[in-house]
Number of protein chains: 2
Amino acid sequence: MTRKPTQTALPSATRASAKGAAPAGNVEVPASNRATRAAERRAAIVDAAMEEFIARGFAATRLDDIAKRAGVAKGTIYLHFRDKESMFEELVRIVIVPVVARLTALPPPAGSVRDLIEAFAGNFLKEVIGTRRGDLVRLIVAEGPRFPSVADFYYREVVSRGIAAMRALIELGITRGEIRDKELARYPQILVAPAMIAVIWQSLFARHAPLDAQDMLRVHLDLIFGERRTT
Amino acid sequence: MTRKPTQTALPSATRASAKGAAPAGNVEVPASNRATRAAERRAAIVDAAMEEFIARGFAATRLDDIAKRAGVAKGTIYLHFRDKESMFEELVRIVIVPVVARLTALPPPAGSVRDLIEAFAGNFLKEVIGTRRGDLVRLIVAEGPRFPSVADFYYREVVSRGIAAMRALIELGITRGEIRDKELARYPQILVAPAMIAVIWQSLFARHAPLDAQDMLRVHLDLIFGERRTT
DNA sequence: TGACTATGACTGACTAGTCAGTCATGTATC
DNA sequence: GATACATGACTGACTAGTCAGTCATAGTCA
């Protein structure tokens, strides 16, 4: 009984992945074929879900809100994801994977170890700290204990790789005589710690006391590499 | 409409803080007077709430579960706290304040700056890392964005004080020639970062890769103070 | 090319279940 | 006996997930 959606508009954001996630008011752009449209919708749902989960956390996020933000009916979400939980898990994968790929693909085997690490830090600064992706990291820290599969994935794909990569760089630095402290290779976490703190700080305390992450990371590298660089 | 907490007692935990928090099966020990009993109940509720909030986060925690764990009826919770939200906020205060007090009251003005910082780190290791209180820190990171009052409180009472204290120590270290890098005073976060990372690591990744926090902090201090100490 | 049919993406009202907060009814204390 | 405290069944608001029905589009045929 009752039923008669009429359903005129069908937003769909024409690719663009609509970061801003314009809710309702977007104009009809009936993308070519069905498959494309579906992919666009899926992307819109992912973006919307990301925003909502970051803003409210897993439990407090309503699928109705995600649907509204994505400009889609609630049922549509279930055409793309099994349920709320698996949507959250997939979401993390979908967003994390390309970032890792980009950060990993970097190593331009040029210059000193310090140059390499600085390039890496620069990218991290640009790609993560203070961005939506930084918030995602905080979200993983927050929900990790309740989503072992997410924590596992994150450890496997990001943390263990990152630690291994940093360890390799540190060992190279020690071999080349750029880094004096040989013990550092045992705890690459020390190298990464200020960057992580910066991510969390921006999320939580930026409005109390803004933090110049770039400068802080430079000071930290000075500490490790022992000398002042450039100016 | 509706709302009228009744909000009678405000016991104030008469200290005691009953860490053990025996769940249901506690044999009634009709402690002398009403005030004492009430204080015990309040403490039991605080402990139970702490456990539940840490395990599930704010939104997913059920007051029924807190009540059951505390060995109390749900209504009793409302004799002590206005609602779930203010319970969470008070909880953070109740648990954090004594920890800060204990960590702050330390400074035995003896020995080198490194000794001071090492003593501090040792206490932090014992009191926070890998304990329930460490989980609370993770919880604050998790819920902070949704509870500005909690984030504010935490910044004011813990972060800003901690940063200021560390800065003072660093400056003293620089004056005394123990610390070479003068820039460090601008970012006390660098000094603290590995400790925070240890807290988070224990919560999330300990079962994937255990971390010897104590050793890591030692290596980090070696990095800052430049030389190896003892053995 | 135009008309007609089949497909399945999409919708949103609905169901079943959950849980914060209430309050009438005890019960212990003074 | 009066008061303060404690209880837990109850209410009502809210939401994850469902599914019967719709309709734009792809496919087929003349």
Side-chain angles (χ1 to χ4, degrees), chain A residues 1-13 24 28-45 48-49 52-53 56-89, chain B residues 1-12 24 26 28-45 48-49 52-53 56-89:
Chain A
M1 59 311 304
T2 70
R3 187 54 21 74
K4 144 247 63 174
T6 307
Q7 174 57 10
T8 333
L10 241 301
S12 89
E28 186 72 355
V29 182
S32 50
N33 62 57
R34 263 135 91 129
T36 306
R37 285 266 307 277
E40 285 171 3
R41 270 150 187 271
R42 189 185 160 91
I45 291 170
E52 294 290 330
F53 280 135
R56 299 193 215 307
F58 177 80
T61 290
R62 287 179 294 264
L63 291 188
D64 285 304
D65 289 344
I66 293 176
K68 197 193 285 185
R69 185 188 277 266
V72 142
K74 183 150 66 144
T76 305
I77 292 174
Y78 288 88
L79 298 175
H80 293 276
F81 300 96
R82 188 156 44 74
D83 56 18
K84 191 184 179 187
E85 212 162 295
S86 70
M87 175 164 67
F88 180 72
E89 294 172 2
Chain B
M1 59 314 298
T2 70
R3 194 51 17 75
K4 164 233 55 187
T6 307
Q7 176 61 7
T8 331
L10 242 303
S12 82
N26 39 6
E28 193 67 0
V29 181
S32 51
N33 62 58
R34 259 132 95 132
T36 306
R37 284 267 307 278
E40 286 170 3
R41 272 152 187 274
R42 189 186 159 92
I45 292 170
E52 295 290 329
F53 280 135
R56 300 193 215 305
F58 177 80
T61 290
R62 289 179 292 263
L63 290 189
D64 285 301
D65 290 343
I66 293 176
K68 197 193 285 186
R69 185 188 276 267
V72 144
K74 184 154 62 149
T76 305
I77 292 174
Y78 287 87
L79 298 174
H80 293 274
F81 300 95
R82 187 157 43 76
D83 56 19
K84 191 184 178 186
E85 207 162 310
S86 71
M87 176 164 66
F88 180 73
E89 293 173 3

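The chains referred to below are lettered A, B, ... by the order of the sequence lines, with proteins before strands, and numbering in each begins at 1. For clarity, every value in this text was computed on a predicted model and none was experimentally measured.
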*Side chain of A:Arg62 only, please: which of C:dC10, D:dA16, D:dT7 is the nearest?*
D:dA16
*Out of C:dA20, D:dG17, D:dT15, whichever nucleotide has its closest atom nearest the side chain of A:Lys84*: D:dG17
*Of the nucleotides C:dA20, D:dT15, D:dT7, which has the atom closest to the B:Tyr78 side chain?*
C:dA20
*Return the minimal non-hydrogen interatomic distance between A:Lys84 and A:Thr61, and the atom names on each side.*
NZ-O, 2.9 Å
*Spacing between B:Lys68 atom NZ and D:dA9 atom P, to the nearest angstrom*: 12 Å
*asked:* Please classify the nucleic acid contact of A:Leu79 as base, sugar-phosphate, or nothing, using heavy-atom distances under 4.0 Å.
replied: base
*Spacing of B:Asp64 atom CG relative to D:dG8 atom P, expressed in whole Å*: 11 Å
*asked:* Among D:dA9, D:dT7, D:dA16, which nucleotide has an atom closest to any side-chain atom of B:Arg41?
replied: D:dT7
*In whole angstrom, what separates A:Phe81's CZ from D:dA16's C1'?*
16 Å
*For the pair made of CD1 in B:Ile77 and C1' in D:dA9, what is the distance, rounded to whole Å?*
16 Å
_B:Thr76 side-chain N/O to D:dT7 phosphate OP1/OP2 under 4.0 Å_ = yes
*Distance in angstrom units between B:Phe53 CZ and C:dC19 P, rounded*: 13 Å
*Does any non-hydrogen side-chain atom of B:Met87 lie less than 4.5 Å from one of B:Phe58?*
no
*Take the protein atom CD1 of B:Ile66 and the nucleotide atom P of D:dG8, then report the distance between them rounded to whole Å.*
17 Å
*Kindly point out which of D:dA6, C:dC10, D:dG17 is positioned nearest to the side chain of A:His80?*
C:dC10
*Distance-minimising heavy-atom pair for B:Leu63 and B:Tyr78*: CD1-OH, 2.9 Å
_If I take atom CD in residue B:Glu52 and atom P in nucleotide C:dA20, what distance separates them, rounded to the nearest angstrom?_
11 Å
*Check B:Arg56 against B:Arg62 and note the closest heavy-atom contact, atom names and distance.*
NE-NH2, 4.4 Å
_Rounded distance (Å) that lies between atom C1' of C:dC19 and atom CG of B:Asp83_ = 14 Å
_Side chains of A:Ile45 and A:Phe81, heavy atoms from C-beta outward: is any pair under 4.5 Å?_
yes
*Among D:dT7, D:dA16, C:dG21, which is the nearest nucleotide to the side chain of B:Leu63?*
C:dG21
_DNA chain D: 5'-proximal contact among A:Gly75 and A:Thr61 (nearest heavy atom)_ = A:Thr61
